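Have a look at the structure below, then the notes.
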Amino acid sequence: MTLSSVFCSTLLLGNYVDASKGKYATLVDIDKCDGCKDESIPLCTKACREYNKDRIPEPQKPILPYWPRKTYEDWSNKRDKIDTLTPYNWIFIQKVKIEDEEIFIPRRCMHCDNPPCVRQCPFGALSKYSEGNSVINDKLCFGGAKCRDVCP
Ligand code: SF4
Ligand code: SF4
């Protein structure tokens with residue numbers, strides 16, 4: 001698919017996506033999650049980091065501004081950060097206090113139905129697959145992070 005055809009399909013179809021049939025899902029029972037309070041790092045976070053550790057290419061430095069971006073974010077010096085999503089950390093545990101109860105919510109991409117990230121990407125770099133996963137095409141992504149801005 002060429003870049004122009006991606007633009008056209010994005011404009012014409014408005015990035016409409018429907019993954020209502022045959023989807024995979026991960027169910028998280030937050031009644032059972034204790035945030036791995038006794039661990040130095042939550043085990044799901046640790047496992048995800050270990051499994052995906054080689055998937056982000058090592059940045060070549062100095063990083064130069066690349067068109068059309070005038071700025072860039074370099075997370076490679078913050079690889080140990082586990083309290084938010086980063087290119088090196090794909091699950092974090094959010095602690096929420098409701099009345100007197102503390103609950104822990106594993107946060108990561110929810111692969112939303114009709115995901116706003118897919119609908120909002122101006123370059124059509126995101127796709128919703130019929131299996132339910134929302135996927136970024138790293139050959140088309142310019143790093144403008146509109147997907148991050150609209151992600152719930
Ligand atoms: S979901 Fe993650 S943080 Fe929660 S108990 Fe399981 S491994 Fe620990
Ligand atoms: S909007 Fe956020 S949570 Fe939903 S599919 Fe996109 S990246 Fe995942």
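Whatever order the structure lists ligands and atoms in, that order sets their numbers, starting from 1. It should be emphasised that the depicted structure is a prediction, and the values quoted were computed from it without experimental measurement.
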Those residues with a heavy-atom separation under 4.0 Å from ligand 1 are Cys33, Asp34, Gly35, Cys36, Pro42, Leu43, Cys44, Ile93, Pro106

Can you name the atoms of ligand 2, numbered from 1 with element, that are less than 4.0 Å from a heavy atom of Pro116? 1 (S)

Does the Arg148 side chain pair with the main chain of Ala145, one donor and one acceptor, at a distance under 3.5 Å? no

Could you tell me whether a side-chain N or O of Lys46 sits under 3.5 Å from a main-chain N or O of Glu39, the two making a donor and an acceptor? no

Please enumerate all residues that pass salt bridge (Lys or Arg N to Asp or Glu O under 4.0 Å) together with Lys81, with sequence neighbours excluded. Asp83

Is there a donor-acceptor contact under 3.5 Å linking the side chains of Lys61 and Ser76? yes

Arg79 and Thr86: side chain donor to acceptor below 3.5 Å: no

4.5 Å side-chain heavy-atom contact, Asn89 and Thr84: no

If you take all heavy atoms of Glu99 and Lys97, which pair is closest and at what distance? O-CG, 3.8 Å

Looking only at heavy atoms, which two atoms of Pro59 and Asp74 are closest? And how far apart? CG-OD1, 4.5 Å

Give me the number of protein N, O or S atoms whose distance to atom 8 (Fe) of ligand 2 is under 2.8 Å. 1

Would Ile30 and Ile98 show up in the same hydrophobic cluster when neighbours are defined by side-chain heavy atoms closer than 4.5 Å? yes

Which ILVMFWY residues can you reach from Trp90 by hopping between side chains whose heavy atoms are under 4.5 Å apart? Ile56, Trp75, Tyr88

